[in-house]
Amino acid sequence: MTTESKGEPMEKKEQLSIASKKPFTSEQKKAWATMYLSYFASMASRSAVSLALSLGAVKADGILSDNDLSYLLSRGSLAYTIGKIFGGSVADMLGGKNMLLICHLAMGVAYTCKAFVKPNVTNLTLLWFVARLLHAPQWPGMMICHKENFSYHDSFKSLQASISTSSRLGAFFGSAFGGVLLARVGSWRGSVTTVGIAYLIIGCLVYIGLDEEKIRVNVNKDNMSKSIVKSNKTKVASLSNKKNKKSSTQALVKAVSDPKLLLIFIANTLVIPAFDMTAILPTLLSEHVNGLSTELIGTIASLFPLISVPSVLFGAWLEPKLNDANRYLFYCSLQLISTISLYMLSARNLSTRAVATLLMATMAGIGPMMYIIPSSFLSKFSGPYIGTFTGLIDAGGNLVMTGVYGTLLPYLKQRGGWPLVLKAYAASTGISLALFFSYFMLEAKNPTLKSPFDDNDEEVERDKKNV
């Protein structure tokens, strides 16, 4: 083998290593913080507005009845499911940043208008429907932005996992701050208006702080000359045009036929019911556990989703240190703890300390698996369709929660009480664990290195090597 043939690949590897380990630029840091703030505000605003409607419009003013509020929330869940199914594809077409801006504009206006329209169930439900419909594609938009700005970094998966904590922190902050805001402002109208205006302002910050073109230019300047950048941009654009010629039908066929995608989709869908137990925790704790005060129920219910933040951050810190041999052991062991904890929770006459510990163990175990594994797989697998597949995977879990479990839970509770319900949650989480384990085994045998939606044409592959 000649020195030239040996040196060229080594030189490319060295350049890639330098590029991946290069410190983040100030533009990238600002972009990451902006994206985190965007979704944090999204979840916080939803929780704050929901609290204002339930405590203000229902209990204080009596504008809505309990049945009206249930109707409003159920229509919001329907809108969110529709948005997840179709919104990801819209995000792929519009681009990540544009999707975020549209979500901020539509949600901010919908929240603000609640204070000015005639306060009846029809108007408020319509505005809530719009807000939830446009809330759904915001996360796919986030994933598109994140992939475009950070995909070449070694710490990509850790950053992706860390940014996912914005969801739970935002929901927790929105519930806590929403009560304070409602008390200070004195009316649900004023509270909702404040939230809507604040959300529009954060949308302006997204427009200013997320300068993707500047990030790409700076990265390219650091790694190659201007002439190479111009040449490569032309070639990459050509490749993108070729990829975009692939029909949506072909993409769907490829997706359905890929076993790893199906395993990830079903496994993630089955673990979401336990992940979203927050909605039923107050009722579960008051009926399944004897002697809990209202304050203690509220504390335990709020800590349950919050514990996912440190567990996901720990997983994000550990992820770069894991390899194919021990990665599945880490994630599967955690979800096994969740499965066992849920089953143990089904026992009657548990102490308060035992209930709290088992609930925290449940969330700490499933958080890293749910937040890190599907998103890291999709970032490689989905190629130009990352928004579409992110939305569809989220939609699967939402359909299970609103459909199957919404129908099945009352039946299970009637047949065996909360112990049977918790055993069903444990079974669902356990089946999810088996599917995730199967995914890890397939991934170990045949790692996902690129998207199957890339063209396999020899000319395209040759052009890719030259870029």
Side-chain angles (χ1 to χ4, degrees), residues 38-88 90-91 94 98-141 167 170-171 173-175 177-179 181-204 206-207 279 391 394-395 398 401-402:
S38 173
Y39 206 70
F40 176 92
S42 176
M43 295 299 294
S45 64
R46 188 199 73 173
S47 298
V49 171
S50 177
L51 187 72
L53 291 174
S54 61
L55 296 183
V58 176
K59 294 187 176 180
D61 293 354
I63 293 172
L64 299 177
S65 66
D66 289 332
N67 289 337
D68 290 338
L69 182 63
S70 298
Y71 176 83
L72 180 148
L73 295 177
S74 65
R75 293 303 178 272
S77 296
L78 174 63
Y80 191 72
T81 302
I82 295 172
K84 284 294 184 184
I85 294 173
F86 300 105
V90 175
L94 297 179
N98 289 336
M99 191 74 257
L100 295 186
L101 292 174
I102 291 172
C103 291
H104 275 273
L105 176 63
M107 291 173 66
V109 170
Y111 290 151
T112 306
C113 286
K114 284 180 181 292
F116 299 101
V117 299
K118 185 177 180 180
N120 56 43
V121 64
T122 302
N123 291 337
L124 295 179
T125 299
L126 178 61
L127 291 172
W128 184 251
F129 187 94
V130 171
R132 295 291 283 146
L133 184 69
L134 270 296
H135 179 207
Q138 188 171 357
W139 184 251
S167 171
F173 178 83
S175 297
F177 177 74
L181 180 65
L182 184 61
R184 291 291 181 88
V185 174
S187 73
W188 69 271
R189 287 174 178 270
S191 178
V192 168
T193 302
T194 303
V195 171
I197 293 174
Y199 198 63
L200 289 172
I201 292 173
I202 292 174
C204 295
V206 171
Y207 179 79
D394 289 345
N398 197 61
M401 281 301 298
T402 57

Can you tell me how far apart [atom1] ([X]) and [atom2] ([Y]) are? Round to the nearest 0.5 Å.
X: L69; Y: I63; atom1: CG; atom2: CD1; value: 12.5 Å
X: I202; Y: I197; atom1: CD1; atom2: CD1; value: 12.5 Å
X: L126; Y: L72; atom1: CG; atom2: CG; value: 10.0 Å
X: S191; Y: L181; atom1: OG; atom2: CG; value: 3.5 Å

Quiz item: Hey, is the main chain of R46 close enough, under 3.5 Å, to the side chain of S50 for a donor-acceptor pair?
Solution: no
Nearest atoms (heavy-atom pairs only) where [X] meets [Y]:
X: A131; Y: M107; answer: O-CG, 3.5 Å
X: L51; Y: G178; answer: CD2-C, 3.5 Å
X: A79; Y: L133; answer: O-CD1, 3.4 Å
X: P119; Y: W188; answer: CB-CZ2, 4.1 Å
X: L200; Y: V109; answer: CD2-N, 4.1 Å
X: G203; Y: L101; answer: O-CD2, 3.4 Å

Quiz item: Does anything in residues 40-78 pair up under ring pair (Phe, Tyr, Trp, His ring centres under 6.0 Å), and if so which pairs, sequence neighbours excluded?
Solution: F40-F173
Side chain proximity check, [X] to [Y], heavy atoms < 4.5 angstrom:
X: C103; Y: P137; answer: yes
X: L53; Y: V58; answer: no
X: P140; Y: M99; answer: no

Exercise. Could you pull out all residues at least two apart from S187 that satisfy side-chain contact (heavy atoms from CB on, under 4.5 Å)?
Key: V185, R189
Quiz item: Who passes side-chain contact (heavy atoms from CB on, under 4.5 Å) against S65, sequence neighbours left out?
Solution: N67, D68
Quiz item: Mind checking what makes side-chain hydrogen bond (donor to acceptor under 3.5 Å, both in side chains) contact with S38, not counting sequence neighbours?
Solution: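 Scan of S38 (side-chain hydrogen bond (donor to acceptor under 3.5 Å, both in side chains), adjacent residues dropped) gives H104, Q138.
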Exercise. Would you check, one step at a time, whether the test side chain to side chain contact (heavy atoms under 4.5 Å, CB included) holds for W128 with L73?
Key: CA-CA 8 Å; W128 184 251; L73 295 177; 4.1 Å; yes
Practice problem: Taking ring-ring contact (aromatic ring centres under 6.0 Å, His included) as the test, write out the residues that go with Y80, two or more places apart. | Solution: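 Y80 satisfies ring-ring contact (aromatic ring centres under 6.0 Å, His included) with H135 only.
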Self-check item: Set of residues satisfying salt bridge (Lys or Arg N to Asp or Glu O under 4.0 Å) with respect to K84, sequence neighbours excluded
Solution: D394
Quiz item: Could you walk me through whether L124 and N120 pass the side chain to side chain contact (heavy atoms under 4.5 Å, CB included) check?
Solution: CA-CA 6 Å; L124 295 179; N120 56 43; 5.9 Å; no
Practice problem: Give the C-alpha distance, both sets of side-chain angles, the deciding distance and a yes or no for side chain to side chain contact (heavy atoms under 4.5 Å, CB included) between T193 and K114. | Solution: CA-CA 8 Å; T193 302; K114 284 180 181 292; over 6 Å; no
Exercise. Report the C-alpha distance between Y199 and S42 in whole Å, list the side-chain angles of each, state the deciding distance to 0.1 Å, and finish with yes or no for side chain to side chain contact (heavy atoms under 4.5 Å, CB included).
Key: CA-CA 8 Å; Y199 198 63; S42 176; 3.3 Å; yes
